[in-house]
Structure formats: structure tokens, C-alpha cells
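When a ligand or atom number is given, it counts from 1 through the structure's own listing order. Along the sequence shown, residues carry numbers from 1.
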Amino acid sequence: MIRIHDSQAALMQAAAEYFAACYQVAVEAHGRFSVALAGGSTPRALYVLLARDGAALGIDWAKVHFFWGDERCVPPDHTDSNYRMAFEALLQPVNVPEANIHRMRGELAPAEAAAAYDHALRVFGGADFHFDLVLLGMGDDGHTASLFPHTAALNVTEGLAVENYVPRMDTWRITLTAPAINRAAHVAFLVTGNAKADVLKAVLEGPANPAELPSQMIRPTQGELVWFLDDAAATALSQHL
Ligand code: 6PG
């Protein structure tokens, strides 16, 4: 499903309401809501909005368990940390219980951090754990989470979390695997801005080329996939015209 909004603000409002709807379904079904947060810059506006309006949207933050789709290999207080961004924008302002925060430990060696996260997911949810919601961004190269074009993590079909070396940036990342994301009940991309219009058209309307466009790997096996776009990002899509 593709949802196009006339501004980033309207997109974030719709995404916040979707977050709350996914929360309600999960809490009614099993008493808690597990969400994997996206990193980067786009989702911060959503997290700030959720901090402000979450209670009014019916969210009891004590029932929400926070995970991450990916993390940079830096300490949690580093300016590049996806955990730090979400903690400052949402988790701290709404006083999420520490036991509900399941961060990727970027301060560890990459393989150790990935193995620890894979284990933590299985401890939390069992062998066939799936997220209730995974939030994702998309880079202008078509990557999502830290599944970057032509990197080793794209070929990992077993496991839930893995380390991934990204030659383009000469850096290590921790990321959920595509299969782990595709097991989720709901997956929502948040993509804004004109800079992503061409790659978004390639991902959504171009030929299948997941090694080059890893966002194409995100196809939930049973769950729902929603693309939240603003007009600027959707401008090249055929159905948008
Ligand atoms: C990260 C993210 C990454 C991000 C995209 C888009 O750690 O950087 O998880 O996948 O979602 O790079 O980033 P922007 O939202 O900043 O454009």
C-alpha cells in the first residue's frame, strides 16, 4: 500500500496514527507491542510527534517494547547513534521503562553485537519471534536499515540480526536481516524529499534488482507493507501523476 501526503507534517501525522493502530492490534492480541525503530533523520519528526501525542492516541508506553532496525557501531551516547536519537526524541520524554528498551549494543565488536542482538530477540519472543511493527527509512541508494547495496548482509537468510561491513562508508553496522523484517506483522517505510524520488521510482516501479536496491527485499511474508511518502518523494511515481 502506498500513501502519499502533501507535506512531511501530514505524513508524520498519518504515520503516528498508523503506529497507534498497530499498537492497539498488538496489545489486544498479546498485551504488548514490539516495534523496531528506524534510524537516520527522517523518523525523528515521528518520534517527537509520538512523544507529544502518544497518550492522546491511546498508547500506554509501558506496554511498548522498543527495538532497532539497525545501529551504527558507536557507543549509545554518540551523535551518530540511532538509539540516542530515539532516546532523546521519544523514549526519555515519555519515560519508557528501561526494561522495555532493547538497543543494539554498538559499542561492542560488530559480530559480538549482532550475535547478542539475535539472542536478545529470541529471548524476548521465542524462536519464531516477529515484530508487531518495523519502521524503515530508505537511503538515496535504495538501502534500508543497514542493508546496503552489494553488501554481505543481503545474503543472510538465517538469523534475525547480523553485522554488515559497508565499503562505501568504510564502516560496520548492525542490522536486522531481510527475513527478520519480512516476518513482521506490519512494515512501514517513511520516505520524504525530492532527493529520493528517482530511487523510489526504481524500487517501486523498476525491474527487480534487490542487490542494487535492497529496499526491494522488503516483502512481508504475511504482514502488511505500507509506504508513507510525501509529494516530493512520490513525484516520479507513475501513479502519482
Ligand atoms: C540509518 C538508517 C538508514 C536510514 C536511511 C535513510 O541508520 O541511517 O537506519 O537505513 O533509514 O539511510 O536515512 P534518512 O532518513 O536520514 O534519509
Side-chain angles (χ1 to χ4, degrees), residues 5 7-9 11-12 15 19 35-50 66-90 102-107 110 113-114 117 131 133-151 153-154 156 160-178 180-182 184 187-200 202-204 210 212-218 225-230 232-235:
H5 300 276
S7 68
Q8 183 177 1
L11 181 159
M12 295 302 168
F19 184 104
V35 55
L37 299 180
S41 58
T42 302
R44 187 177 184 284
L46 172 60
Y47 303 159
V48 170
L49 187 59
L50 285 168
F66 289 92
F67 299 84
W68 276 259
D70 72 327
E71 185 57 278
R72 291 80 181 275
C73 289
V74 295
D77 60 353
H78 194 284
T79 52
D80 288 349
S81 166
N82 288 336
Y83 158 80
R84 176 177 166 181
M85 184 273 279
F87 182 77
E88 292 177 346
L90 175 57
H102 312 269
R103 69 177 182 87
M104 294 173 166
R105 294 161 61 195
E107 67 276 20
Y117 208 66
F131 292 102
L133 172 63
V134 176
L135 295 175
L136 295 171
M138 187 188 72
D140 57 12
D141 61 352
H143 83 262
T144 189
S146 281
L147 300 169
F148 284 82
H150 307 293
T151 56
L154 303 190
V156 176
L160 301 175
V162 69
E163 70 279 10
N164 196 27
Y165 178 67
V166 186
R168 181 169 69 93
M169 300 187 292
D170 187 23
T171 187
W172 284 90
R173 295 281 187 93
I174 313 302
T175 187
L176 294 182
T177 60
I181 296 169
N182 286 330
V187 179
F189 276 94
L190 308 177
V191 184
T192 64
N194 195 259
K196 302 198 179 161
D198 290 341
V199 70
L200 184 66
V203 166
L204 292 178
E212 182 69 21
L213 298 167
S215 291
Q216 290 183 333
M217 298 178 74
I218 307 308
L225 174 61
V226 183
W227 290 80
F228 288 91
L229 311 174
D230 66 2
T235 187

(message) Side chain or backbone, does Asn82 bring an N or O within less than 3.5 Å of an N or O on ligand 1?
(response) yes

(request) Give me the ring orientation class for Trp227 and Phe189: parallel if the planes are under 30° apart, tilted from 30 to 60°, perpendicular past 60°. (result) parallel

(message) Suppose we measure from atom 9 (O) of ligand 1 to each protein heavy atom; which comes out shortest, and what is that distance?
(response) Asp70 OD1, 2.6 Å

(request) With side chain to side chain contact (heavy atoms under 4.5 Å, CB included) as the test, would you mind laying out the steps for Phe67 and Leu176 before giving the verdict? (result) CA-CA 10 Å; Phe67 299 84; Leu176 294 182; over 6 Å; no

(message) Taking 4.0 angstrom as the limit and counting only heavy atoms of Gly40, give me the atoms of ligand 1 inside it, by number and element.
(response) 1 (C), 2 (C), 8 (O), 16 (O)

(request) Measure Thr42 to ligand 1 on non-hydrogen atoms and call it side chain, backbone, both or neither using the 4.0 Å cut-off. (result) both

(request) Tell me, please: is Lys196 in heavy-atom contact with ligand 1, that is, under 4.0 Å? (result) yes

(message) Is a donor from one side chain sitting under 3.5 angstrom from an acceptor on the other, for Thr151 and Asn164?
(response) yes

(message) Counting only nitrogen or oxygen atoms and a 3.5 angstrom limit, does His143 reach ligand 1?
(response) yes

(message) At less than 4.0 angstrom from any non-hydrogen atom of Gly137, what atoms of ligand 1 do you find?
(response) 11 (O)

(message) Students often mix this up, so state it plainly: with edges at 30° and 60°, are the rings of Phe148 and His143 parallel, tilted or perpendicular?
(response) parallel

(request) Mind running side chain to side chain contact (heavy atoms under 4.5 Å, CB included) on Thr192 and His5 for me, showing each step along the way? (result) CA-CA 10 Å; Thr192 64; His5 300 276; over 6 Å; no

(request) Consider every N or O of Ala145 and every N or O of ligand 1, then say whether any pair is closer than 3.5 Å. (result) yes

(request) Pick one of side chain, backbone, both or neither for how Ser41 approaches ligand 1, counting any non-hydrogen atom pair under 4.0 Å. (result) both

(request) Please say which of Glu71, Arg72, Arg173 ends up in a side-chain contact (heavy atoms from CB on, under 4.5 Å) with Met104. (result) Glu71

(request) Specify the closest pair of heavy atoms between Asp141 and Val199, including all atoms of both residues, with the distance to one decimal. (result) C-CG2, 3.9 Å

(message) Looking only at protein heavy atoms, which one is nearest to atom 8 (O) of ligand 1, and what is the separation?
(response) Arg72 NH2, 2.8 Å

